[in-house]
Every structure is written in C-alpha cells, then in structure tokens.
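So the structure is just underneath, and the comments pick up after that.
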Amino acid sequence: MWGLVLIYLPIIIIGSLFGWLTELLLVSFFIHIVWHYYYLNKLNNWLWNSKSTVLPDGKSDWEHAFVGIHNMQQRHRKRRNNLASVISRFREGSEALPDAVVVFHKSGEIIWCNRLAQFQLGFKWPMDCGDNITNLIRNPLFSEHLKSSDYDQPLDLTSPINADKVLEFRVMPYAKHQRILIVRDVTTYRQLDEQRRQFVANVSHELRTPLTVLQGYIEILGMQSDPDSRQGKAINVLDQQTTRMCSLVEQLMTLSKIEGAASIDLTEKVNVPALLTQMENEAQALGKKKALQITFSIEEKLLLLGDEMQLRSAMANLVYNAVNYTPQGGSIKVIWRSCSTGAYFCVMDNGDGIAPEHILHLTERFYRVDGSRSRDTGGSGLGLSIVKHTLNHYDSELNIESNLGEGSQFSFIIPSSYLL
Ligand code: ADP
C-alpha cells in the first residue's frame with residue numbers, strides 16, 4: 001500500500017498542478033502494468049521452461065514472491081527426497097525378505113510386488129501393476145479370505161503356478177485402504193507334518209493288535225490266579241498298564257484321524273442330544289464312585305451337521321475330564337443350547353481348577369498339568385488336543401476358564417452354518 005502511495009501521490013500532485021491528471025495517471029497505469037507483465041513473464045518462464053534452480057532477478061514485491069516460491073520448491077524437493085528414500089528402503093527391505101510380498105489396494109489393484117512374488121506367484125512386473133490380485137491368484141478361497149476382512153489366521157493354498165507346492169498366504173491391513181500380502185512356501189513343513197501324522201497313525205494301528213492279544217491273555221491269567229497272591233497282584237498291574245496303553249493308542253489313532261480329516265461333510269446329521277444322553281448315563285455311572293452330582297441341560301431339538309465320531313470324541317473328552325478331575329462330592333454341569341451365533345456347549349465343574357500358567361498349553365499334545373494325577377485317571381494328555389483339532393474343522397475354538405480351587409469351565413460355540 002505504501003509503495004502505491006509513494007508512486008501515485010507525486011503523480012497526482014504534479015498532474016493536478018499542471019492540469020494533466022488523467023493523462024499522467026493513464027501513462028503511469030500503463031507503465032505499471034507493463035512492469036508487472038514483465039516479471040510475470042519472467043516467473044512463467046522460470047517455472048515452466050527453465051530447468052535452472054537459480055532464482056530470476058526481481059524487484060520489490062516480485063523479488064519477495066520469487067524467494068517465497070523458491071523456498072517452497074526447496075521444501076517440496078526435500079520432502080520428495082525423504083519419501084523416495086523411505087520407499088526405496090521399504091523396497092530394499094522387502095526384496096531382502098525370504099517371502100513373496102505384494103502391496104495392493106483394498107479393492108484388489110496391485111500397487112507393488114517384490115521379485116519373489118514374481119517367482120512364487122507368477123506375477124509379471126511391471127505388466128501386472130494395476131491388475132486385480134484375484135485375477136492373478138484365481139482361487140475362490142483366496143477371494144473369500146480377502147472379502148472376509150478377518151486376517152487373523154493364514155490361508156494355505158496350492159501355488160497358482162505349481163500344483164505340487166503349498167503356500168501360506170497372510171494378509172495384513174497396510175497404510176490407508178491398502179493391504180500387504182506375504183506368501184511363504186510351506187511345502188516342506190506340510191509334508192513333514194503329514195509324514196509325522198502318518199507315522200503316528202501307522203504305529204498306533206500296528207500296536208493295537210498285539211495289545212489286544214496281550215489284554216486277552218492277561219484277562220485269562222487274571223481269572224486263573226488268586227488276586228491276593230504275588231502273581232495275582234503282578235497280573236493286576238499288567239492289566240492296568242495294558243489298559244492304559246490301549247487307551248493311549250486309541251487316543252493317538254483318533255487324533256491322527258481327526259487331524260488328517262478333510263473338511264466337514266455337511267450332509268451327515270449328528271443327533272447331539274441323543275449322543276449327550278448316552279454320555280450322561282456313562283458319566284453318572286463313572287461318577288457314582290466319587291458321589292459326583294452330574295446334571296445335563298440339553299436342548300432336545302438342537303442337531304448339527306458334521307462328523308459324529310469327531311463331535312463325540314470332543315464332547316466326551318471334556319465330560320470325562322470333568323468326571324476324572326473333580327474330587328469326591330463335587331458337581332458337574334453340562335449345557336447344550338442354542339445361542340445368537342450358533343450352538344453353545346459347556347462343561348463346568350467345581351473341582352481343583354487349573355493354574356493360569358498351564359491354561360495356554362492344555363491343548364498341546366501330551367501336556368498334563370500334573371503327570372501323576374493324570375496317570376491315576378488313565379490320562380494321556382491327548383484329550384484336549386483332540387478337542388482343539390475337532391473344533392478347527394468347525395471354525396470354532398475351545399474356551400477355557402479356570403481358577404485354582406474353584407473349578408473349571410470348558411466351552412465352545414459351533415457356528416450357525418453347522419446347525420441343522
Ligand atoms: P488327559 O488325558 O491327561 O486328561 P487332556 O488333554 O484331556 O489330557 O487334559 C490335559 C490336562 O488338563 C490334564 O492332564 C489335566 O491336568 C487338565 N484338565 C483337563 N480337564 C480338567 C478339569 N476339568 N479340571 C482340572 N484339570 C483338568
């Protein structure tokens with residue numbers, strides 16, 4: 001404003017004195033506009049045509065504007081360089097990973113992938129940039145997994161370019177509206193796992209026949225000898241140990257069968273209430289010795305679709321565990337009822353309970369809280385492992401709540417999709 005006053009005030013005074021005010025003002029406006037156009041043109045040339053980072057000369061306000069634009073450019077350049085170095089660090093890190101990495105938009109368009117993704121998934125870079133990931137990994141399970149938005153569990157699929165390879169797909173939310181896919185070749189692990197399962201299944205199967213023969217002879221010998229004699233006592237111990245071994249072998253075979261089972265056949269109907277009624281009679285008979293109070297609350301019309309053997313094993317293990325680990329005079333409650341998300345099964349007891357540090361490990365194979373107590377009850381440490389693997393097939397999880405000295409509660413929910 002002061003600049004304008006300094007230029008135009010003398011012109012107005014001189015113009016008024018000599019009677020040329022309009023002419024003088026027009027001439028000064030014209031010169032002023034030409035002067036501004038000159039610098040505007042300089043600025044345009046510098047911004048659009050010149051590659052030079054040196055500032056053009058400017059006078060008064062134009063000099064100020066040139067310096068401001070230059071500073072802004074410097075700041076942007078710095079920020080761009082920082083971003084470029086972050087991106088290049090990310091890319092270098094991703095290239096160094098032993099896994100395939102793909103970054104894609106929430107809607108599926110591929111943004112970037114590393115070299116291993118090209119090798120393991122057959123992506124072509126940069127041709128596949130912008131393509132939808134489900135067009136390149138054509139598997140309905142993968143598409144469903146992406147849609148579900150529940151990425152807690154990884155997904156195992158055969159490789160899209162090699163049917164002999166098993167790949168583990170792990171999706172994670174990344175930046176805003178983006179996802180990152182990490183793919184690992186797990187063929188060897190899965191093969192080893194399958195070999196281990198087959199080995200255990202075969203060994204258990206081979207052990208069953210000689211054990212049955214032994215049990216038969218021990219029973220005959222037991223009948224022929226006096227139970228109070230030394231020989232009778234030895235035969236009794238032999239009988240107990242072979243019975244334990246038989247139950248261990250049975251449990252191992254059940255676990256291998258459940259582990260190796262394909263996905264649930266949803267055409268088979270399982271009458272859970274009938275199964276539980278039968279279990280109730282057995283539990284009452286077993287609990288009589290310890291005067292246990294056992295109550296079953298069963299919703300009669302609540303049937304499931306699936307595998308009867310697996311469901312019976314899972315439920316029976318929980319019920320018999322409660323019977324085995326609840327001391328004299330204790331009480332057990334079993335519930336089977338519908339709930340908002342499916343069918344709810346729960347076994348509660350007021351037994352000794354389990355210390356918190358053991359709870360996370362209970363479903364591991366052969367894990368027992370107290371080896372000697374488990375041995376007394378004929379336990380093998382495989383029961384809860386069987387429950388866990390069965391529930392995996394039903395997209396469910398075992399929930400364990402327990403307090404030392406107060407009792408335990410084992411429960412699970414079978415999702416509505418498995419209800420009849
Ligand atoms: P086991 O064949 O030894 O019973 P499980 O896998 O069924 O093996 O159980 C693992 C361990 O969990 C058991 O050894 C026992 O110590 C503990 N457990 C299971 N159920 C109960 C329960 N209802 N109350 C207390 N402890 C339990």
Side-chain angles (χ1 to χ4, degrees), residues 196-259 275 278-294 309 312-332 347 349 351-355 358 361-387 408:
R196 177 194 55 75
R197 196 189 63 73
Q198 287 278 355
F199 175 76
V200 174
N202 291 344
V203 170
S204 326
H205 189 77
E206 292 303 320
L207 278 174
R208 198 157 69 157
T209 316
L211 273 173
T212 317
V213 174
L214 264 178
Q215 244 186 338
Y217 280 114
I218 289 169
E219 207 173 303
I220 296 169
L221 284 171
M223 282 190 291
Q224 289 170 352
S225 60
D226 173 8
D228 293 326
S229 67
R230 242 175 100 188
Q231 192 189 1
K233 280 179 188 154
I235 289 169
N236 191 24
V237 174
L238 269 178
D239 187 32
Q240 279 172 11
Q241 293 306 318
T242 38
T243 308
R244 229 190 111 222
M245 232 161 138
C246 282
S247 107
L248 177 64
V249 166
E250 286 297 332
Q251 294 263 56
L252 273 173
M253 283 176 64
T254 311
L255 182 57
S256 308
K257 232 187 262 171
I258 294 174
E259 255 190 306
L275 214 130
Q278 193 188 350
M279 227 175 272
E280 181 178 6
N281 294 334
E282 287 165 13
Q284 297 287 11
L286 285 170
K288 231 180 207 161
K289 277 184 241 157
K290 293 200 275 180
L292 297 177
Q293 268 189 359
I294 304 174
M309 182 282 282
R312 182 189 288 122
S313 302
M315 291 174 167
N317 269 304
L318 295 180
V319 172
Y320 298 140
N321 269 356
V323 173
N324 286 332
Y325 297 111
T326 304
Q328 192 82 20
S331 63
I332 295 167
V347 181
D349 65 62
D352 298 337
I354 305 157
H358 294 297
H361 305 287
L362 287 181
T363 53
E364 290 168 13
R365 283 185 190 85
F366 299 108
Y367 190 89
R368 288 176 299 186
V369 175
D370 175 349
S372 61
R373 188 170 60 154
S374 276
R375 249 191 310 279
D376 294 345
T377 59
S380 58
L382 291 172
L384 294 180
S385 206
I386 290 176
V387 179
S408 317

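Residues passing the ring-ring contact (aromatic ring centres under 6.0 Å, His included) test with His205, sequence neighbours excluded: none. Remark: Gln293 pairs with Ser331 by the side chain to side chain contact (heavy atoms under 4.5 Å, CB included) rule, at least two apart or across chains. Every residue was checked against the side chain to side chain donor-acceptor pair (under 3.5 Å) condition with Glu280, not counting sequence neighbours, and none meets it. With sequence neighbours excluded, the residues that form a side chain to side chain contact (heavy atoms under 4.5 Å, CB included) with Ala316 are Met279, Tyr320. With sequence neighbours left out, Ala355 forms a side chain to side chain contact (heavy atoms under 4.5 Å, CB included) with Glu357, His358, Leu404. The side chain to side chain donor-acceptor pair (under 3.5 Å) check on Ser408 picks up Ser402, with sequence neighbours excluded. Legend: residues meeting side chain to side chain donor-acceptor pair (under 3.5 Å) with Gln251, ordered by chain and number and at least two apart, are absent. Residues passing the side chain to side chain contact (heavy atoms under 4.5 Å, CB included) test with Gln240 are Asn236, sequence neighbours excluded.
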Inset, instruction - In sequence, state the C-alpha distance, the side-chain angles, and the governing distance for Met315 and Val387, and then conclude on side-chain contact (heavy atoms from CB on, under 4.5 Å). - result: CA-CA 8 Å; Met315 291 174 167; Val387 179; over 6 Å; no
Legend entry - side-chain contact (heavy atoms from CB on, under 4.5 Å) evaluation trace for Leu255 with Arg197: CA-CA 9 Å; Leu255 182 57; Arg197 196 189 63 73; over 6 Å; no
Legend entry - side-chain contact (heavy atoms from CB on, under 4.5 Å) evaluation trace for Thr243 with Ser247: CA-CA 6 Å; Thr243 308; Ser247 107; 5.8 Å; no
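Using a 4.5 Å heavy-atom threshold, the side chains of His361 and Glu364 count as touching. Inter-residue side-chain proximity for Asp352 and Tyr325 is flagged as unmet; no heavy-atom pair is nearer than 4.5 Å. For the pair Pro210/Leu214, no side-chain contact is recorded, criterion being any heavy-atom separation below 4.5 Å from C-beta on.
The minimum heavy-atom distance linking Thr254 with Ser313 is given by the pair CG2-OG, 3.5 Å. Closest of all the heavy-atom pairs between Pro327 and Leu292 is O-CD2, 3.4 Å. Shortest non-hydrogen contact noted between Lys290 and Asn324 is NZ-O, 3.1 Å. The two residues Leu384 and Thr363 have their closest heavy-atom pair at O-CG2, 3.8 Å. When all heavy atoms are compared, the tightest approach of Gly351 to Asp349 is N-OD1, 2.9 Å. Between Gln284 and Ile294, the shortest heavy-atom contact is NE2-O, 3.0 Å.
For the atom pair Phe366 CZ and Ser385 OG, the distance stands at 8.5 Å (nearest 0.5 Å). Taken to the nearest 0.5 Å, the CG atom of Leu207 stands 11.0 Å off from the CG atom of Asn202. For the atom pair CD (Gln241) and CD1 (Ile218), the distance works out to 10.0 Å, reported to the nearest 0.5 Å. Once rounded to the nearest 0.5 Å, the distance linking CG of Leu275 with CZ of Arg312 reads 5.0 Å. To the nearest 0.5 Å, atom CG of residue Asn317 and atom CG of residue Asn321 are 6.0 Å apart. Within the model, atoms OG of Ser256 and CZ of Phe199 stand 11.0 Å from one another, a figure rounded to the nearest 0.5 Å.
More than 12 heavy-atom neighbours from other residues, nucleotides or ligands sit within 6.0 angstrom of CE on Met253.
The side chain to side chain donor-acceptor pair (under 3.5 Å) contacts involving residues 214-232 comprise nothing, where partners must be two or more places apart or lie in separate chains. Under the salt bridge (charged side-chain N to carboxylate O under 4.0 Å, His left out) criterion, the residue pairs touching residues 203-216 are Arg208-Glu250, with sequence neighbours excluded.
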